[in-house]
Novice: 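Here's a structure for you.
FYI, side chains are in, hydrogens and waters are out, and symmetry mates aren't considered; it's all heavy atoms of this structure. Just so it is clear: chains get the letters A, B, ... in the order the sequence lines come, proteins before strands, and each one is counted from 1.
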Amino acid sequence: MFTAAAESLLRQAREIQAEELKKFCSRVCQLLQEEDLGPDALDALRRLFLIVSATKYNRRLEKTCVDLLQTTLCSPSCPEPLQLLCAAVLREMSPSDSLSLSWEHVQNTWQLGLLASVLLAQGDQKLVRSVGQRVLKVLESRQPEGPSLRHLLPVMSKVASLAPDTLHEDQTNTLNKRLVDWLRYASIQQGVAHSSGGFFSMPRARQPGPVTEVDGAVATDFFTVLSTGQHFTEDQWLNVQAFSMLRTWLLHSGPGGPGTPDADDKSELEGSTLSVLSAASTASHLLPPQERLREKAFEYCQRLIEQSNRRALRKADSDLQKACLVEAVLVLDVLCRQDPSFLYRTLSCLRALHARLCGDPACVRALLPIARFFLTHGEATAVGAEAIYQHLFTRLPSEHFHSPMLAFEFIQFCRDSLPLFGRNLGILRMSFPNLFKFLAWNSPPLTSEFVALLPALLDAGTAVETLHLLLDLPCLTAALDLHLRSSQAASERPLWDVSLRTPGCLEALRDPQFQGLFQHLLRAKASGTPERLAPLHQLLQPLASCARVAQCAEAVPTLLQAFFSAVTQFADGALASQLALLLLERSDSLYQVPGYEARVHRVLSAQFLALCKLHPSLVVERAKELLEFVGSAGGLRGSGRVLTSVVWAIGEYLSVSWDRRCTVEQINKFFEALEALLFEVTQLRPSVTLPKCPPQIITALMTTLTKLASRSQDLIPRVSLFLSKMRTLAQSTAASSVHSEEDAGAICTRATELLNLLKMPSVAQFVLTPSGEVSEPRYHRDANTALPLALRTVSRLVEREAGLLPG
Amino acid sequence: MVYAFLIHTLRAPKAEEGLCRVLYSCFFGAENSPYDPRPRGPERDRLLRKEQILATARQVESMWQLQQQACGRPAMDLQSQSSDEPVPLQEAPCGAFRLAAGDPFQEPRTVVWLAVLSLGFTLVLDAHENLLLAEGTLRLLARLLLDHLRLLVPGANFLLRADRIEGILARFLPHGQLLFLNDQFVQGLEKEFSAAWPR
């Protein structure tokens with residue numbers, strides 16, 4: 001545990017000064033030079049490691065000290081803890097240019113491994129390659145009594161992934177041959193116990209028997225990682241190591257060398273007809289080493305799949321079986337990509353496996369690599385795997401949304417497999433309600449994944465329903481929590497929020513009126529018809545204070561942004577129009593989580609304007625609905641952001657230049673509505689139910705009214721009257737109790753500017769309803785049409801006029 | 001393969017004071033970008049690595065805090081666990097998340113973490129790894145480290161016993177290789193380790 005003592009130790013290690021460190025280094029040197037490296041040396045090295053690792057800045061150690069560390073590491077008689085610490089200190093200091101390890105004479109493979117770890121940490125490709133070459137030399141030597149090779153295979157694996165071009169083809173083949181030996185021909189007798197006693201130990205220890213399977217039965221076939229025994233022989237260890245690195249090795253030493261495994265799939269298909277024929281006709285021992293390794297890897301995977309069906313006696317072995325299943329499928333995938341002749345045998349095997357695993361809830365995570373396999377290879381063999389995808393997307397999320405690891409793996413699977421879905425993309429898209437369950441329950445780790453996934457999930461058919469569900473996401477979280485409470489057995493560990501009790505909600509869950517809405521919210525597939533979930537919002541109100549719901553609510557604005565940036569790429573006029581109305585409708589029908597409405601309104605108001613910009617005619621097309629929205633009191637709730645955007649959009653886009661169908665009548669009707677709203681807004685005193693009206697609404701209303709007046713010039717006298725009233729109102733003392741001085745000043749200024757503009761109606765029209773060319777730079781550079789010029793002229797004229805008037 | 005392993009502190013949700021401290025970290029290999037035109041000094045590289053690790057630890061801590069809050073578990077008194085009770089590792093909170101390329105590691109990485117009381121054990125993996133195996137390995141490492149370093153005894157300070165941590169990692173996660181070890185293999189390795197490190 002991290003106590004105060006540990007904290008102070010860490011601080012001391014960080015703050016040690018250069019002088020002190022120098023002295024300490026010389027002490028370390030002294031201790032390391034002694035014949036007998038005892039506990040003092042160990043203690044000193046431990047402290048040295050802490051000093052070097054505690055700070056992120058470089059620690060300059062004396063050259064003699066560093067050299068001595070290297071020598072100690074390579075010395076054959078050094079005890080293990082000291083070796084490890086020397087390597088650890090040297091690694092901590094990496095990358096370092098003061099290393100001068102000479103390791104040609106090191107025979108001990110354990111030490112070789114430690115040295116390799118230091119060298120690989122330097123980040124130098126040349127060093128990585130030389131490590132690879134050296135290790136390979138040892139691995140190639142056939143010394144049955146020689147040093148244990150199992151410390152070196154992981155190094156080889158690391159080198160292969162860091163610098164895949166390290167080995168030449170014949171070196172790769174040599175290693176392939178040895179890997180085949182270790183994978184397929186390891187001993188199936190248990191190892192002998194290493195007894196430490198010499199002459200006086202028990203003579204003739206019991207003969208070890210054969211290895212066993214994880215369920216205790218005697219092993220039926222060759223040795224694998226799922227074979228157990230009391231003790232293990234060296235080659236059995238190598239079997240474990242070899243399988244552990246198999247996938248990396250196959251990927252990095254496969255045809256075409258390293259690089260994207262999905263590339264060259266098609267060319268492999270053509271080139272492999274030869275290998276199909278040769279695999280069928282040649283006995284396996286006549287195959288070239290790489291093909292032979294693949295064949296043996298294939299056998300190994302099949303054996304693992306069979307072995308994982310056994311009921312393990314220990315829990316740890318049971319977990320390992322599942323990990324082995326996943327790995328076996330992953331390796332089979334690599335094999336089939338490299339050599340499509342394996343496909344025929346693999347497909348039937350995996351189909352059977354899938355059927356077996358479907359019924360086992362503990363093996364749920366192993367279904368994902370199987371689905372991925374079928375996605376990758378299904379096309380090539382014209383195999384319809386729809387049943388597999390259906391099961392995956394329909395059943396899995398509903399039953400297992402609460403498992404954080406599965407949720408992450410599932411979404412990662414969706415994201416990584418996107419290019420492979422092809423004509424099955426529809427299944428993915430239609431299952432978005434199920435996918436959102438993962439997000440609703442586990443929002444912090446999955447939000448960024450969904451932001452990347454959303455564009456692929458959306459199309460014109462599902463956009464509207466998706467937006468509804470996104471806005472209802474926190475409500476979905478609450479519904480899932482309630483669902484777990486009502487469905488989980490009492491004996492299981494509770495998965496829901498245990499700090500909250502909700503007896504009322506559970507009662508109401510049984511009400512048939514709500515059941516339909518619940519079923520809709522918890523549906524697995526897109527239904528095509530949105531439902532109004534407002535009653536559910538109320539019902540689930542007690543759960544709104546749940547931490548999980550709050551976390552989900554925080555994620556929604558980001559997702560909304562992602563949604564809109566994706567949708568605006570393909571939305572046509574009709575969809576933009578539909579979405580805009582949806583925004584307005586939902587803006588006051590949200591699940592009430594503290595702070596949620598305000599955050600969502602911020603996004604919705606900005607996106608409403610974006611939609612209008614995308615399709616300006618929607619203001620005219622949906623004039624009726626917009627009028628209703630403006631007239632209702634709902635828009636004034638909250639910060640009034642959405643209302644401000646709507647008002648602004650009306651001002652911008654309700655004109656003939658954007659849509660020929662705009663009539664003077666429409667403009668007048670809007671004018672009346674907005675004028676009434678402005679009146680209402682300014683007369684209102686803030687109360688408990690209606691908070692203070694933000695000045696943005698007032699200025700937006702004034703500006704929009706002016707814009708409308710500039711298009712229908714009969715309205716100008718009314719507006720001028722209103723504006724001067726506003727100015728007086730803003731300046732009066734009564735206003736200052738409602739608005740701050742700054743806000744009142746802003747209102748006053750805006751009113752004045754607008755009034756001045758209206759004094760010259762044609763200029764007003766030019767300024768407030770510019771033609772579409774206003775976005776062209778030429779518009780502003782051309783001295784005859786430029787807007788700034790017009791404005792300057794206006795202000796000068798107005799000032800002159802003001803100068804003529806008294807007061 | 002594993003790129004890095006770290007042990008760090010976890011502060012209770014809403015804890016105001018203290019910092020997230022990385023108590024031990026270990027890299028397997030190095031990220032290298034042969035295409036980076038800027039001159040790379042070794043000091044800068046090391047500083048970068050340390051900061052990447054700290055950034056990862058902080059992210060794990062906040063993921064854990066959020067998960068704890070979401071489950072409704074109150075900020076328990078994390079020091080109160082006695083050293084005799086076996087820590088229920090099977091139920092220890094764990095999770096995974098992805099780190100995009102450049103943020104903070106050069107390549108895209110997956111992070112798997114396990115929280116045992118107030119300590120976090122984290123593996124930084126390559127992007128497409130066998131997560132079932134990674135999770136199992138992490139639980140195994142946590143169990144071994146807790147057992148052999150007696151991390152739960154208050155005051156027992158493992159900052160100065162990095163050699164044991166190294167010994168465990170060298171056997172159970174050699175060079176960042178995740179191993180498929182069944183129970184008997186684990187016992188065999190543990191015996192080897194105990195022989196080299198008498199308690």
Novice: Heavy-atom distances under 4.5 Å only: say whether A:M405 touches chain B with side chain, backbone, both or neither.
Specialist: side chain
Novice: If the threshold is 4.0 Å, N to carboxylate O, is there a salt bridge linking A:R150 and B:E192?
Specialist: yes
Novice: Flag the one option from A:Q241, A:K322, A:E92 with the top tally of heavy-atom pairs under 4.5 Å to chain B.
Specialist: A:E92
Novice: Would the distance check show the side chain of B:N130 and the main-chain N or O of A:A323 forming a donor-acceptor pair, the cut-off being under 3.5 Å?
Specialist: yes
Novice: Measuring heavy-atom distances to chain A, does B:Q177 have an atom under 4.5 Å in its side chain, in its backbone, in both, or in neither?
Specialist: side chain
Novice: Among the options B:E51, B:M1, B:R171, pick out the one with the most heavy-atom pairs lying under 4.5 Å from chain A.
Specialist: B:M1
Novice: So, the side chain of A:S244 versus the backbone of B:F180: is there a donor-acceptor pair under 3.5 Å, distance only?
Specialist: yes
Novice: Take atom CZ in A:R60; do more than 12 heavy atoms of anything else shown fall under 6.0 Å from it?
Specialist: no
Novice: Given a strict heavy-atom distance threshold of 4.5 Å, which part of A:W110 is in contact with chain B: side chain, backbone, both, or neither?
Specialist: side chain
Novice: Contact part of B:V186 toward chain A, heavy-atom cut-off under 4.5 Å: side chain, backbone, both or neither?
Specialist: neither
Novice: With only heavy atoms counted, which part of A:R47 is less than 4.5 Å from chain B, the side chain, the backbone, both or neither?
Specialist: both
Novice: Do A:K158 side-chain atoms and B:F28 backbone N/O form a donor-acceptor pair below 3.5 Å?
Specialist: yes
Novice: Can you tell which part of A:S227 gets under 4.5 Å to a heavy atom of chain B, answering side chain, backbone, both or neither?
Specialist: backbone
Novice: Please classify the contact of A:C324 with chain B as side chain, backbone, both or neither, using a heavy-atom distance under 4.5 Å.
Specialist: both
Novice: Heavy-atom distances under 4.5 Å only: say whether B:V111 touches chain A with side chain, backbone, both or neither.
Specialist: neither
Novice: Are A:F232 and B:F185 an aromatic pair by the rule of ring centers under 6.0 Å?
Specialist: yes
Novice: Please state whether the side chain, the backbone, both or neither of A:L320 comes within less than 4.5 Å of a heavy atom of chain B.
Specialist: side chain
Novice: Under a 4.5 Å heavy-atom cut-off, does chain A meet the side chain of B:A127, its backbone, both or neither?
Specialist: backbone
Novice: Need one label for A:T55: side chain, backbone, both or neither, based on atoms under 4.5 Å from any heavy atom in chain B.
Specialist: backbone
Novice: Among B:L133, B:L54, B:L131, single out the residue with the greatest number of heavy-atom pairs under 4.5 Å to chain A.
Specialist: B:L131
Novice: Go through B:Q59, B:R49, B:R139, B:Q67 and name the one with the most non-hydrogen pairs under 4.5 angstrom from chain A.
Specialist: B:R49
Novice: Measure distances from A:E327 to the heavy atoms of chain B and classify the residue's part below 4.5 Å as side chain, backbone, both or neither.
Specialist: both
Novice: Please flag which part of A:L42 lies under 4.5 Å from any non-hydrogen atom of chain B: side chain, backbone, both or neither.
Specialist: side chain
Novice: Side chain, backbone, both or neither: which part of B:C94 has a non-hydrogen atom closer than 4.5 Å to chain A?
Specialist: both
Novice: Hey, which of B:K50, B:R98, B:Q69 has the most heavy atom pairs under 4.5 Å with chain A?
Specialist: B:R98
Novice: Heavy-atom distances under 4.5 Å only: say whether A:Q321 touches chain B with side chain, backbone, both or neither.
Specialist: neither
Novice: Given a strict heavy-atom distance threshold of 4.5 Å, which part of A:P404 is in contact with chain B: side chain, backbone, both, or neither?
Specialist: side chain
Novice: Quick check on A:S53 against chain B: is it the side chain, the backbone, both or neither that has a heavy atom closer than 4.5 Å?
Specialist: both
Novice: Any carboxylate oxygen within less than 4.0 angstrom of a Lys/Arg side-chain nitrogen, looking at B:E166 and A:R91?
Specialist: yes
Novice: Is A:R365 salt-bridged to B:E135, going by a charged N under 4.0 Å from an acidic O?
Specialist: yes
Novice: Are the side chain of A:D317 and the backbone of B:D183 linked by a donor-acceptor contact shorter than 3.5 Å?
Specialist: yes
Novice: Identify which part of B:L160 has an atom lying under 4.5 Å from any heavy atom of chain A, answering side chain, backbone, both or neither.
Specialist: both
